[in-house]
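Only one structure is covered here, and it is reproduced in the block below.
Protein chains get the first letters and strands the later ones, always in sequence-line order, with residue 1 at the start of each. The figures here come from the full heavy-atom set of this structure, side chains too, leaving out hydrogens, waters and symmetry mates.
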Amino acid sequence: MVLSNNDGCIIARSDEAKALGFAMGDPYHLTQEKLTLHGVQVFSSNDALYGDMSRRVMETLRAFTPDVEIYSIDEAFLNLAGFERWGLTDYARLIRATVRRDTGIPVSIGIGPTKNLAKIANHLAKADPESGGVYKLAGAEVYEALARIEIREVWGVGPRWATWLEAQGIVTALDVKRADPKAIRRKMTVVGERWVHELNGRPCRPLELGAPPRQGITVSRSFGQTLTALDPIKEALVSFVGRAGEKLRRQGFMAGQDLVFVTTNRFSSTQPFYANSTSVRLQYHTDFTPDLLEAAAHLLETLCRPGFHYPTCGVMLLELSPVTRVQADLFDTRDRSREAWLMRALDSLNTVYGARTVRVGNHGGKRPTWAMRQAFRSPRYTTNWRELPVVR
DNA sequence: TCTGGGGTCCTAGGACCC
DNA sequence: TCTGGGGTCCTAGGACCC
């Protein structure tokens with residue numbers, strides 16, 4: 001099984017772990033006895049490795065059609081219109097075998113006329129060992145297949161809507177297909193209406209080629225231990241803002257708004273839950289870390305109430321604007337080009353010599369008090385020279 | 001009995017995704 | 001002692017514009 005950041009929750013399970021009854025989101029610290037009993041292997045999350053392997057898989061997919069939408073770290077939608085003469089199922093098997101050969105990653109592929117139907121087909125491909133990892137949803141089979149799918153398993157329906165739908169007698173995906181779109185819309189808005197249409201083979205979710213412009217960049221972490229004093233929290237925030245600035249520049253944006261949030265432990269029985277955020281509109285759009293930092297540090301001071309214990313804080317950069325489209329300010333007297341050079345130097349050094357070699361801020365080299373727990377991390381095989389796999 | 005018609009922007013809250 | 005982190009979309013209501 002794989003744990004969330006800070007070794008908090010269970011977020012991924014092998015089939016064997018699922019069979020033993022471990023659930024998505026179970027707190028790790030409450031399951032330890034059972035883990036030991038069954039000899040379950042546990043890994044801390046390893047974003048560097050997963051992100052790099054994801055990139056390799058996506059690149060492999062692009063060789064098969066130009067129309068690839070990267071939907072998440074482990075999912076993509078491919079437009080296979082025009083490939084029918086190859087036989088879509090055969091073509092999908094070729095894609096699957098190639099991804100396996102070139103990256104070592106096993107994937108399953110669902111084929112359907114809409115995204116929602118393709119997701120269901122994929123679900124069936126995973127569930128049915130006979131399918132060989134590929135399932136095409138077509139013809140009269142659709143009815144039988146949809147009748148086997150409970151709405152709780154369907155993409156786009158969370159626990160709230162599922163409970164409501166079940167109360168209406170809508171229990172399977174087939175019930176949804178037959179439901180009145182307008183009636184669904186009254187409860188589930190246009191999102192639900194589109195869902196009904198999609199299950200009927202009428203596409204409402206176009207393929208998103210080219211990433212849509214980002215709305216915001218967030219960096220937040222739970223600390224390895226609960227913090228009370230302002231200084232170590234600020235130290236953590238300095239580091240988060242530094243990371244947020246890197247993301248911002250890498251993606252070619254400047255931010256117009258800086259938001260900081262803190263929360264206390266919402267599961268605590270000994271102290272009240274306190275969560276708050278505050279934001280400030282920056283004088284100029286900027287990607288200059290010291291500016292982002294100054295604003296964030298000031299915001300933090302107004303947020304943290306004394307006496308509370310904080311396990312989490314974070315920063316969000318909002319009102320993103322592409323660097324090339326930022327409006328200059330007539331009364332801005334600072335030399336922005338020198339600041340840009342400084343950030344470029346910082347980012348290059350960190351690229352060449354490793355993340356956080358050069359940092360803005362004043363925290364030392366020692367392992368900080370807020371460092372994330374990651375007790376069982378696998379090696380970063382493909383992104384760190386010191387952790388390369390050894391063949392012999 | 002009767003008070004226009006066409007918009008935008010912002011925020012909070014609620015739902016969802018992996 | 002310990003319960004993740006990163007996102008998106010939609011709606012209603014209130015305020016404003018000419």
Does A:S220 make a side-chain N or O approach to OP1 or OP2 of C:dG4 shorter than 4.0 Å?
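Result: no.
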Would you please confirm or rule out a distance under 4.0 Å between OP1 or OP2 of C:dG4 and any side-chain N or O of A:R373?
no
Atom pairs and distances, side-chain donor-acceptor, residues 293-307 of chain A, under 3.5 Å, sequence neighbours left out:
residue : atom : partner : partner atom : Å
A:E301  : OE2  : A:K234  : NZ           : 2.6
A:T302  : OG1  : A:L299  : O            : 2.7

Residues two or more places apart in sequence or in another chain: which of them pass side-chain contact (heavy atoms from CB on, under 4.5 Å) with A:D347?
A:E246, A:R249
Interatomic distance at P, B:dT3 relative to C:dC18, whole Å
24 Å
Could you check which of C:dG4, C:dG7, C:dT3 has an atom nearest any side-chain atom of A:N5?
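Comparing C:dG4, C:dG7, C:dT3 against the side chain of A:N5, the answer is C:dG4.
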So if I take every side-chain heavy atom of A:Q215 and compare against C:dC2, C:dT8, C:dG6, which nucleotide ends up nearest?
C:dT8
Check each residue of residues 11-50 of chain A for a non-hydrogen atom within less than 4.0 Å of any atom in DNA chain C, then write out the ones that pass by number, or none.
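The answer is A:P27, A:H29.
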Show me the dot-bracket string of DNA chain B, counting Watson-Crick or G-U pairs under 3.5 Å, with | for pairs to another strand and [ ] for crossing ones.
....||||||||||||||
Scan residues 132-143 of chain A for pairs that pass salt bridge (charged side-chain N to carboxylate O under 4.0 Å, His left out), counting only residues two or more places apart or in two chains.
none
Is A:D291 paired with A:R334 through a side-chain N to carboxylate O contact shorter than 4.0 Å?
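Salt bridge flag = yes for A:D291 with A:R334.
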Which letter, B, S or -, goes with each nucleotide of nucleotides 10-18 of chain B from 5' to 3', with contact meaning a protein heavy atom under 4.0 Å?
-----SSSS
Using a heavy-atom cut-off of 4.0 Å across all strands, would you classify A:R194 as base, sugar-phosphate, or nothing?
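Sugar-phosphate, backbone atoms only, no base.
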